[in-house]
Undergrad: 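Before I ask anything, here is the structure I am working with.
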Amino acid sequence: VMMILDTGSEKCVVKTWETLKKRLRFVDGNWKGFLRPTRAIYQNTKSRSYEKEWTTYLGKRRQKLGFIAYGSGIALTRNGYDLVRVGGRSLPRFSISEVILDSLAMLHSKSGAAGILGLQHMKNRTLGVSVFTSIRDMGKMYAFGYCRDAALDQGTFIWGDQATEGDAMEVIGEIHWAVALADVWVPVKEKVHVKRTKSANNTTKSESTATNPQGHASHR
């Protein structure tokens, strides 16, 4: 399944055939019998290792539902567990969030993405785990990298990246990939102030003055 790799979330969210069926109703009410799912989309009914995640609601045992909010939209999900394979590594019984209803345009574009795979740091395990932290805890992978070709606007994701270039920085975030940042400055360009006044004959006159402050802005 083609996934969007997201370093700002921790869940494995997958689009399902049920997700598409709800959208197809608005396109063609007579679509049934003409279309069927392919291997490009996740189907728990085709998996031998899938398990539902249960909860008790109003005294009844039901499959657990979830809600996920991204900067680009939201998703209502049905939760379970399944075997997840990422970068040649296998994660048995990893948490899966199947989309029931969503407003995530990126999952319904021509790019073909059928889910969002969270790769958040999650140092604090009480707040959840991601695919990366789970594989790291198993001793199967300790790093990943990304190389982008600016000219072609494409890139390559490297699982188990062993590059030695650059300087190592300590990750201080409990959840996010946060590092200490200091001595940041932005060059200040010349500023122009425009003053507009009205004369007795009701015409507008503009006067401009230029200032060129010295030094730089710094955030610590």
Undergrad: Using a 4.5 Å cut-off on heavy atoms from C-beta on, say whether the side chain of Ile116 contacts that of Leu104.
TA: yes
Undergrad: CG/Leu119 to CD1/Ile135 distance, rounded to the nearest 0.5 angstrom?
TA: 8.5 Å
Undergrad: Report whether Met141 and Val171 are members of the same hydrophobic cluster (ILVMFWY, side-chain heavy atoms less than 4.5 Å apart, transitive linking).
TA: yes
Undergrad: Under the rule for side-chain hydrogen bond (donor to acceptor under 3.5 Å, both in side chains), what residues qualify as partners of Arg78, not counting sequence neighbours?
TA: Glu18
Undergrad: So which atom in Met106 and which in Ser72 form the shortest heavy-atom distance, rounded to 0.1 Å?
TA: CE-OG, 3.3 Å
Undergrad: Is Leu65 linked to Tyr42 within one hydrophobic cluster, defined over Ile, Leu, Val, Met, Phe, Trp and Tyr using a side-chain heavy-atom separation of less than 4.5 Å?
TA: no
Undergrad: At what distance, to the nearest 0.5 angstrom, does CG of Leu101 lie from CZ of Phe67?
TA: 10.5 Å
Undergrad: Can you check whether Val84 reaches Arg89 side chain to side chain, under 4.5 Å on heavy atoms?
TA: no
Undergrad: Using a 4.5 Å cut-off on heavy atoms from C-beta on, say whether the side chain of Ile96 contacts that of Val14.
TA: yes
Undergrad: Test: salt bridge (charged side-chain N to carboxylate O under 4.0 Å, His left out). Region: residues 59-72. Which pairs qualify, not counting sequence neighbours?
TA: Glu53-Lys64
Undergrad: Report the residues that fulfil side-chain hydrogen bond (donor to acceptor under 3.5 Å, both in side chains) with Arg93, sequence neighbours left out, ordered by chain and then residue number.
TA: Glu51
Undergrad: Please check if the side chain of Lys15 supplies one atom and the backbone of Leu107 the other of a donor-acceptor pair under 3.5 Å.
TA: yes
Undergrad: Is there any side-chain hydrogen bond (donor to acceptor under 3.5 Å, both in side chains) pair reaching into residues 102-116, and which pairs are they, with sequence neighbours excluded?
TA: Arg23-His108, Asp102-His108, Ser109-Ser111
Undergrad: Got Val13 and Ile68 here, is their nearest side-chain heavy-atom distance under 4.5 Å?
TA: yes
Undergrad: Side-chain contact, heavy-atom cut-off 4.5 Å: Val86 with Phe132?
TA: no
Undergrad: For Cys12 versus Met3, what's the shortest heavy-atom pair and its separation?
TA: SG-CE, 4.0 Å
Undergrad: Just checking Lys11: does its NZ atom have more than 12 heavy atoms from other residues, nucleotides or ligands closer to it than 6.0 angstrom?
TA: no
Undergrad: Identify the two heavy atoms, one from Asn79 and one from Ser97, that lie closest to each other, and give their separation to 0.1 Å.
TA: OD1-OG, 3.5 Å
Undergrad: Could you list all the salt bridge (charged side-chain N to carboxylate O under 4.0 Å, His left out) pairs where at least one residue sits in residues 119-142, not counting sequence neighbours?
TA: Arg125-Asp137
Undergrad: Between Thr38 (side chain only) and Ala40 (backbone N and O only), is there a donor and an acceptor less than 3.5 Å apart?
TA: yes
Undergrad: How about Leu91 and Arg85: do any of their side-chain heavy atoms sit closer than 4.5 Å?
TA: no
Undergrad: Mind checking what makes side-chain hydrogen bond (donor to acceptor under 3.5 Å, both in side chains) contact with Ser134, not counting sequence neighbours?
TA: none
Undergrad: Test of understanding: with side-chain contact (heavy atoms from CB on, under 4.5 Å), list the residues that count as partners of Ala105, not counting sequence neighbours.
TA: none
Undergrad: In this structure, would Met138 and Trp159 fall into the same cluster of hydrophobic residues linked by side-chain contacts under 4.5 Å?
TA: yes
Undergrad: Decide if atom CD of Gln162 counts as having more than 12 heavy atoms of other residues, nucleotides or ligands within a radius under 6.0 Å.
TA: no
Undergrad: Please answer: with hydrophobic residues joined when any side-chain heavy atoms are less than 4.5 Å apart, are Trp17 and Val99 in the same cluster?
TA: no
Undergrad: Does anything in residues 166-177 form a side-chain hydrogen bond (donor to acceptor under 3.5 Å, both in side chains)? List the pairs, not counting sequence neighbours.
TA: Gln120-His176
Undergrad: Does Ser130 use its side chain to pair, donor to acceptor, with the backbone of Thr133 at less than 3.5 Å?
TA: yes
Undergrad: Among all residues two or more places apart in sequence or in another chain, which pass the side-chain hydrogen bond (donor to acceptor under 3.5 Å, both in side chains) test with Ser49?
TA: Ser47, Asp82
Undergrad: What I want to check is whether the side chains of Glu98 and Asn44 have a donor and an acceptor closer together than 3.5 Å.
TA: yes
Undergrad: Is Val131 close to Phe94 at the side-chain level, that is, under 4.5 Å between some pair of heavy atoms?
TA: yes
Undergrad: Sequence neighbours left out, what pairs pass side-chain hydrogen bond (donor to acceptor under 3.5 Å, both in side chains) with at least one residue falling in residues 142-151?
TA: Arg148-Asp153
Undergrad: With clusters built from Ile, Leu, Val, Met, Phe, Trp and Tyr whose side-chain heavy atoms come within less than 4.5 Å, directly or transitively, what are the remaining members of the cluster of Met122, listed by chain and number?
TA: Leu127, Ile175
Undergrad: Tell me who clusters with Leu58, hydrophobic residues only, linked when side chains sit under 4.5 Å apart either directly or through other members.
TA: Tyr57
Undergrad: Phe144 versus Ile158: any side-chain heavy-atom pair under 4.5 Å?
TA: no
Undergrad: Using the ring centroid of each side chain, check whether Tyr50 and Tyr81 are separated by less than 6.0 Å.
TA: no
Undergrad: Do you know the tightest heavy-atom contact between Asp161 and Gly145?
TA: OD2-CA, 3.4 Å
